[in-house]
Amino acid sequence: MGVDQTEPEVPEEAVGRRVSCGGERATVRYVGPVPPTAGLWLGVEWDDPDRGKHDGSHEGVQYFTCSHTKGGSFVRPAKASFGVDYLAAVRQVYQVDTEEVLSEEISISDKKLKWWCVEERSYESLPSVILSRCEVNGPGDDGEIKKTTPNVQWLDMSGTLLSCWEDVAAVTQQLERLEGLQLSNNRLRLTSDPSTHCQAFCNIKVLALNSCDLTWPQILHCAPMWPQLEDLCVEENNITELQRPEDVLQSLKSLSLSSNPLVQESVLSLSALPRLEQLNLSNTGLSVIRFDDAAPGAPTEMFPALKKLSLDRNNITEWCVVDELAKLRSLVQFSCRGNRLTSSDRNPKTANQILIAKLGRLVLLNSCEIQPEDRKGAELDYIKMFGEEWLKAGGRSQASAQFISQHPRYQTLIDKYGAPEEGELKKPEPFALKNQLLKITFVFPDAGERKPIEKKLPATMEVQKVKGLLYRLLKVPVADLKLTYTSPKMVGTEFEIDSDLKTLQFYSIEDGNQVLVRWS
């Protein structure tokens, strides 16, 4: 720690305030001397603990504490910025001339909004304000926000220097038309009485709080502030056990808990949200979900409004989980990429057919629309696939309880299409390489002179081996290769291939897909 002769003024009550140091965000935990050095120091806890050096102690003296043992540092006040108020940040970003800004997009949850119908280039006409990564620390002078930007409906203040919910409320209470609020990548101290801030957030329908280091009890504590909230995104927080929302979040229609280490037994607590239509539980470690209030094939009373469920990148391996999901009476969209649900022939296409057959109301699977002919083919194949097992379990007379629990929709499909004849039954085919070869076309969108290359590759081939093959073909270092893929079922959409240790099958790459190859 060196000596800095110039010491700028430190704000009063600086402890707890947010600061920016070299572009990194931190919270002030200590202000004062640190002997034997001279002058004033700020003890800060970094949002990114890898940026720190210690736990708040120096030469055996504990000056402050951190959540992580290496999350703290001492910095000179001259190195830290305490930020500017909302209107100063608006003027820095927009500078009255909004011509360039009119083409920008703002992301709130999964919605992207553009500037619409802005005729006059003035602060008063701005329908959206984007202050992401700006050093906003509070509202500024009373009433000035309401005078200057009165028509803001969507506000992005992610990654700012706001310290507490009182600061946020002091801004939003002056924006009477505000409906969408992006507050991700902040560290906001909780308010002691959330209900006192209801008016400040009374029109908010969409709220994003991703990467805010929040727990579920903290979210429920704040929830009384958001009486009209319909869309809540709290991805990448510290949410583990979910408690039942009592008298809060009752208007919620969409909830994303993606990338939180959930206690899977607590997921059913969310069934207390009566209007919930969309739920994202991707990358949360789930392997099992059960609705014990309903028998196999019967509808559950839980999640009565749930239409869309995302369970991508979890640990689901058992088909009984899918049978449980079939109990959801309103489910029409389902995504489960990156799980290990496999069929006896280990063919991803067969696994998708089983999913379609088991989930009778499904309209979209993994973002792809299920056409009537696809459903009919999947259901007929399912009948044949398990027909021999059905016959052995009692068949036409009375299938066993074990068979019914494993195939709750089978009898419904028999009623729909008729019982399979013995000659139609599909015998399980031994797993062989030819059953899993995928015809992949490699294209090079940034290298127009290169012609597409077609290869047949095993579905179980790891991405790093695919890159090794491309290195031999292109002489481009493996580390420089970036891969995405497209499917005829989702024209215009590119899916990222971001892990070298995963297989083609993991990414649901199918026969006939294109892999787009780029390099830096």
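Quick note: residue numbers are just sequence positions, from 1.
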Side-chain touch Leu270/Leu268, heavy atoms, less than 4.5 angstrom: no

Contacts of Asp323 that satisfy side-chain hydrogen bond (donor to acceptor under 3.5 Å, both in side chains) - sequence neighbours left out: Lys358

Distance, nearest 0.5 Å, that separates NZ of Lys482 from CD1 of Ile497: 12.5 Å

Separation between CG of Leu276 and OG of Ser254, rounded to the nearest 0.5 Å: 7.5 Å

Which residues share a side-chain contact (heavy atoms from CB on, under 4.5 Å) with Thr441, sequence neighbours left out: Val443, Pro452, Glu454, Gln514

For Leu188 against Leu162, the heavy-atom pair lying closest together: CD2-O, 3.6 Å

Partner set under side-chain contact (heavy atoms from CB on, under 4.5 Å) for Lys465, not counting sequence neighbours: Met461

Lys327/Glu324 salt bridge by N-O under 4.0 Å criterion: yes

Main-chain N/O of Val152 paired to Thr149 side chain as donor or acceptor, under 3.5 Å: no

Glu373, CD: over 12 other non-hydrogen atoms inside 6.0 angstrom: yes

Under 3.5 Å donor-acceptor, Asp381 side chain and Gln353 backbone: no

Short N-O contact, Glu246 and Arg244, less than 4.0 angstrom: yes

Pairwise side-chain contact, Thr484 with Val517, heavy-atom cut-off 4.5 Å (strictly under): no

Gly159 backbone acceptor or donor facing Arg25 side chain under 3.5 Å: yes

Any donor-acceptor pair under 3.5 Å from Gln174 side chain to Val171 backbone: no

Pair Glu166-Thr191, side-chain hydrogen bond (donor to acceptor under 3.5 Å, both in side chains): steps then yes or no: CA-CA 7 Å; Glu166 285 83 357; Thr191 178; 2.9 Å; yes

Within-4.5 Å side-chain heavy-atom neighbours: Leu161 and Val136: no

Pairing residues for Asp47 by the side-chain hydrogen bond (donor to acceptor under 3.5 Å, both in side chains) criterion, not counting sequence neighbours: Arg18

Distance-only polar pair, side chains of Asn186 and Thr160, donor-acceptor under 3.5 Å: yes

Minimum side-chain heavy-atom gap Ser258-Leu281 below 4.5 Å: no

Test side-chain hydrogen bond (donor to acceptor under 3.5 Å, both in side chains) applied to Glu176 - qualifying residues, sequence neighbours left out: Lys146

Given Ile289, Asn314, Leu341, the one that forms side chain to side chain contact (heavy atoms under 4.5 Å, CB included) with Val321: Ile289

Residue from Ser211, Ser184, Ser256, Ser259 passing side chain to side chain donor-acceptor pair (under 3.5 Å) with Glu235: Ser256

Test item: Glu494 side-chain N/O and Thr486 main-chain N/O as donor-acceptor pair under 3.5 Å: no

Close side-chain approach of Pro274 to Gln250, heavy-atom, < 4.5 Å: yes

Qualifying ring pair (Phe, Tyr, Trp, His ring centres under 6.0 Å) pairs, either residue in residues 157-176, two or more places apart: Trp165-Phe201, Trp165-Trp226

Neighbour count >12 (heavy atoms, 6.0 Å) for atom CD, Gln402: no

Minimum heavy-atom distance between Leu438 and Glu510, given as atom pair plus value: CD2-C, 4.2 Å

Side chain to side chain contact (heavy atoms under 4.5 Å, CB included) evaluation trace for Gln505 with Thr342: CA-CA 10 Å; Gln505 181 176 307; Thr342 58; 4.0 Å; yes

Residues which pass side-chain contact (heavy atoms from CB on, under 4.5 Å) with Asp500, listed by chain and number, not counting sequence neighbours: Val463, Gln464, Lys467

Gln264 side chain to Val288 backbone, donor-acceptor under 3.5 Å: yes

Donor-acceptor contact below 3.5 Å, side chain Asn203 vs main chain Leu178: no

Side-chain heavy-atom pair Ile130, Val93 within 4.5 angstrom cut-off: no

Side-chain donor-acceptor contact under 3.5 Å, Asp345 with Thr350: yes

Pairs flagged by salt bridge (Lys or Arg N to Asp or Glu O under 4.0 Å) wherever residues 284-305 is involved - sequence neighbours left out: Arg290-Asp292, Glu301-Arg329

Chi angles and distances behind the side chain to side chain contact (heavy atoms under 4.5 Å, CB included) call for Trp390, His407: CA-CA 9 Å; Trp390 174 71; His407 305 278; over 6 Å; no

Pairs involving residues 335-344, ordered by first then second residue, that meet salt bridge (Lys or Arg N to Asp or Glu O under 4.0 Å) (sequence neighbours left out): Asp312-Arg337

Check: Tyr410 ring centre within less than 6.0 Å of Phe386 ring centre: no

Beyond-backbone contact of Phe442 with Val466, side-chain heavy atoms, under 4.5 angstrom: yes

Neighbour count >12 (heavy atoms, 6.0 Å) for atom CD, Glu318: no

Residue Lys253 excluded, over 12 heavy atoms near NZ under 6.0 Å: no

Candidate pair Asn237 and Asn260, rule side-chain hydrogen bond (donor to acceptor under 3.5 Å, both in side chains), full reasoning: CA-CA 6 Å; Asn237 279 287; Asn260 283 290; 4.9 Å; no

Partner residues of Ser405 under the side-chain contact (heavy atoms from CB on, under 4.5 Å) criterion, sequence neighbours left out: Pro296

Pairs satisfying salt bridge (Lys or Arg N to Asp or Glu O under 4.0 Å), at least one member in residues 398-417, at least two apart: Glu379-Arg409, Glu379-Lys416

Minimum heavy-atom distance Ala294-Pro299, with the two atoms named: CB-O, 3.4 Å

N/O donor-acceptor pair under 3.5 Å between Gln199 side chain and His197 backbone: no

Exam field: side chain Ser330 to backbone Pro304, donor-acceptor pair closer than 3.5 Å: yes

Min side-chain heavy-atom separation Gln406-Glu389 under 4.5 Å: yes

Ser499-Tyr507 side chain donor-acceptor pair, cut-off 3.5 Å: no

Partners passing ring pair (Phe, Tyr, Trp, His ring centres under 6.0 Å) against Phe495 (at least two apart in sequence or in another chain): Tyr485

Residue pair Thr460, Thr503: steps toward the side-chain hydrogen bond (donor to acceptor under 3.5 Å, both in side chains) verdict: CA-CA 5 Å; Thr460 53; Thr503 64; over 6 Å; no

Under 3.5 Å: donor-acceptor pair, side chain of Ser335, backbone of Ser310: no

